[in-house]
Amino acid sequence: GYNQYLENFVEIYTNPAEDTHLQGIAYCYNYRKGGKPDVLFDPKYARLLKEFRTYAGNEVVELAATLRQWLGSGEGLSIFNKVQRSPIHPSSKLLESAAKMLDEGKADAFSLIADQIVARNCILDRIRKLKGADGQKAVIIIKGGPGTGKTVIALHIMALLSKEKLYVCYATKSKSLMEGIKHQLRRGSQAKNLFHNIASFLPADYDENKVDVLLVDEAHRLVKKATNRYTPAQKLTNLSLIETLVRSAKISVFFIDDKQVIRGSEIGSTQLIRETAKRYNATVEEVTLKSQFRCNGSDNYLDWLDQVLYKDSNKKKVTKTFRPEDYEFRVFDSPQELYQAIVARNNEPGTTARLCAGFCWPWSKTLGPDGNLVKDVHIGSFAMPWETQEDLTSVARKLGYVPWYEWAYQPSGIKQVGCIYTAQGFEFDYVGVIIGGDLAYDPEHKCLVTHKAANKDPALTKNNPEKFD
């Protein structure tokens with residue numbers, strides 16, 4: 001409810017130093033207390049009624065007395081101003097809340113807001129129909145940009161369904177995101193069995209409609225083929241990856257942002273999902289998420305960034321802007337200064353910060369002559385290693401480094417440079433970005449341009465290279 005929403009998103013209520021407390025009350029003006037039956041004040045609601053004082057329409061005098069007691073001492077304006085000035089952002093990070101949500105089944109450990117609630121209700125409504133007479137196959141598309149809550153909705157649904165007798169699965173191509181969530185769960189947690197690689201739902205292993213609810217995160221990263229060179233011969237299929245997903249579930253929910261495709265081989269899109277749903281005679285429902293609480297909750301900053309990166313060629317200039325107090329945006333003269341600032345922020349209590357870069361330097365597959373990770377990201381006197389290569393995981397651990405898929409959430413990740421593959425889907429308080437030679441500013445046309453030759457990611461250009469532009 002509103003009380004929990006404010007506690008979870010307005011910093012003043014979670015900062016002990018502020019000594020500001022929140023108390024919610026409810027006034028049900030059209031309800032009469034004392035009737036038979038007195039449904040609203042039934043003893044089964046005793047815990048909630050104790051936590052949130054509730055007044056009926058015939059308790060106006062009592063309500064007035066409570067308000068006079070709480071508000072009659074003055075100083076209301078100063079408290080109001082403190083709340084108005086308080087930063088707005090989630091009081092807990094998604095990964096920190098994952099254990100409570102999945103191990104303990106506490107869906108409210110991370111509150112949903114606005115259109116996130118609409119998306120949740122859309123999914124739950126379809127699940128209710130699944131149990132009833134209307135058991136038609138369904139596809140739900142949840143669309144939203146970075147920070148709009150796609151992953152938290154998926155985990156919220158998993159928590160709500162944890163006590164239901166339903167076969168629920170979460171699937172994503174992002175190993176780093178999936179491992180990050182699983183890392184927060186307790187050892188031996190049954191919830192870990194709900195997480196699957198996105199290519200797991202082959203016909204050889206899953207009959208049609210075997211899964212009741214399939215939650216597909218980062219759906220924009222879907223590739224065309226469901227199999228690869230490591231797939232056993234007996235499991236090969238002619239179905240595409242998207243077809244295996246829709247086929248395997250009675251209800252499949254795709255969380256997607258069409259602008260977040262990383263590689264040329266990734267073809268995930270809302271249109272592709274719609275077309276596949278039609279082939280399987282599935283109903284299609286779509287929800288768009290707009291509210292977000294990353295980037296200090298600054299929509300102005302995100303609008304500005306969107307214009308800078310995806311500016312309409314018909315517009316002469318960027319029209320959006322943001323205030324320094326809305327979002328901290330700095331440009332550094334050297335990568336060393338940037339890294340020092342990131343380290344300082346990361347050392348602050350309760351704060352996470354990471355350094356990322358464009359894939360404009362090679363990613364060494366072997367150790368250097370000194371027996372350490374090669375410092376591939378090299379600019380002048382600045383040099384740092386990328387995240388650890390898969391083949392170097394065991395030796396890197398001995399050297400004090402973490403596997404690439406743990407870079408975002410393990411403390412040692414601060415010692416390496418991350419990239420889009422390991423950062424996407426995660427939330428940090430501060431991120432430093434080194435822009436390489438593949439992205440530049442064209443002063444003549446006043447726009448950003450890309451240089452393919454400067455990029456060192458072979459996977460980005462070998463498939464559908466035209467998507468690079």
Side-chain angles (χ1 to χ4, degrees), residues 93-96 146-147 151 172-184 217-218 220-221 257 260-263 266 294-295 305 309 328-330 332 334-348 351-365 367-368 372-379 382-393 396-397 399-439 454-460:
K93 295 182 174 62
L94 174 59
L95 290 187
E96 294 171 358
T151 300
T172 181
K173 184 183 178 183
S174 175
K175 182 177 180 179
S176 55
L177 177 59
M178 184 164 62
E179 292 298 326
I181 297 172
K182 291 167 65 177
H183 174 75
Q184 299 298 321
D217 207 354
E218 306 279 325
H220 39 272
R221 299 203 59 197
D257 178 2
Q260 285 198 61
V261 172
I262 297 178
R263 293 180 166 182
E266 294 170 353
R294 282 188 193 163
C295 303
L305 189 63
L309 296 178
E328 184 177 349
F329 182 88
R330 298 174 60 187
F332 290 82
S334 73
Q336 188 62 49
E337 288 181 54
L338 170 61
Y339 181 57
Q340 289 172 350
I342 288 297
V343 171
R345 289 296 190 182
N346 193 64
N347 288 336
E348 295 176 0
T351 301
T352 56
R354 288 294 183 271
L355 181 64
C356 300
F359 207 151
C360 297
W361 294 266
W363 190 19
S364 296
K365 297 181 179 180
L367 296 177
N372 212 326
L373 295 183
V374 178
K375 296 180 179 179
D376 288 310
V377 184
H378 195 283
I379 305 172
F382 174 83
M384 280 185 67
W386 282 116
E387 322 104 315
T388 308
Q389 276 273 6
E390 186 81 44
D391 295 341
L392 299 177
T393 297
R397 282 193 185 278
L399 296 170
Y401 296 100
V402 294
W404 63 270
Y405 52 82
E406 295 181 1
W407 168 86
Y409 57 89
Q410 291 286 14
S412 296
I414 192 66
K415 299 191 297 184
Q416 296 169 275
V417 180
C419 67
I420 184 61
Y421 298 117
T422 45
Q424 189 179 53
F426 287 93
E427 52 186 343
F428 308 102
D429 295 295
Y430 293 89
V431 175
V433 180
I434 297 174
I435 299 176
D438 61 348
L439 184 64
N455 193 274
K456 305 300 181 183
D457 182 3
L460 190 63

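Keep in mind that the numbers below use all heavy atoms, side chains included, and drop hydrogens, waters and symmetry copies.
- For the atom pair CG (L439) and CG (N455), the distance works out to 10.5 Å, reported to the nearest 0.5 Å.
- Proximity of Y430 to R330: side-chain heavy atoms (C-beta onward) are nowhere separated by under 4.5 Å.
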Report the C-alpha distance between V374 and L367 in whole Å, list the side-chain angles of each, state the deciding distance to 0.1 Å, and finish with yes or no for side chain to side chain contact (heavy atoms under 4.5 Å, CB included). CA-CA 6 Å; V374 178; L367 296 177; 5.9 Å; no
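- In this structure, CD1 on I379 lies 11.0 Å from CE on M384, to the nearest 0.5 angstrom.
- Interatomic distance, R221 CZ to T172 OG1, rounded to the nearest 0.5 Å: 7.5 Å.
- T388 places a side-chain N or O within 3.5 Å of a backbone atom of V402 that can act as its donor or acceptor partner.
- In the displayed structure, K375 atom NZ is contacted under 6.0 Å by at most 12 heavy atoms of other residues, nucleotides or ligands.
- Here the side chains of N346 and R354 are in contact, with some heavy-atom distance below 4.5 Å.
- A donor-acceptor pair under 3.5 Å is formed between the side chain of D429 and the backbone N or O of T352.
- Pairing each heavy atom of G437 with each of C360, the nearest pair is N-SG, 3.6 Å.
- Aromatic ring pairs are classed by plane angle as parallel below 30°, tilted from 30° to 60° and perpendicular above 60°; the pair F359 and W386 is tilted.
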Pair Q389, S364 - check side chain to side chain contact (heavy atoms under 4.5 Å, CB included), show working. CA-CA 8 Å; Q389 276 273 6; S364 296; over 6 Å; no
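- S174 and E218 share no donor-acceptor pair across their side chains, judged by distance under 3.5 Å alone.
- Here the closest non-hydrogen pair linking V431 and C356 is CG1-SG, 4.1 Å.
- To the nearest 0.5 Å, atoms CD (E179) and NZ (K182) are separated by 4.5 Å.
- Only one option out of Q416, E406, Q410 pairs with Y401 in a side chain to side chain contact (heavy atoms under 4.5 Å, CB included); it is Q416.
- Here the side chains of K415 and P385 are not in contact, with every heavy-atom distance at 4.5 Å or above.
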Going through the distances and angles, do I434 and F382 end up as a side chain to side chain contact (heavy atoms under 4.5 Å, CB included)? CA-CA 12 Å; I434 297 174; F382 174 83; 4.0 Å; yes
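- Taking the side chain as every heavy atom from C-beta outward, D457 and Y421 approach each other to under 4.5 Å.
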Kindly indicate, with the supporting measurements, whether the criterion side chain to side chain contact (heavy atoms under 4.5 Å, CB included) is fulfilled by V417 and Y339. CA-CA 10 Å; V417 180; Y339 181 57; over 6 Å; no
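- Inter-residue side-chain proximity for E390 and W404 is flagged as met; some heavy-atom pair is nearer than 4.5 Å.
- When all heavy atoms of R345 and A353 are compared, the pair lying nearest together is CB-CB, 4.1 Å.
- Here the shortest heavy-atom pairing between L399 and L373 reads CD1-N, 4.4 Å.
- In this structure the side chain of W407 never reaches within 4.5 angstrom of the side chain of S176, judged on heavy atoms.
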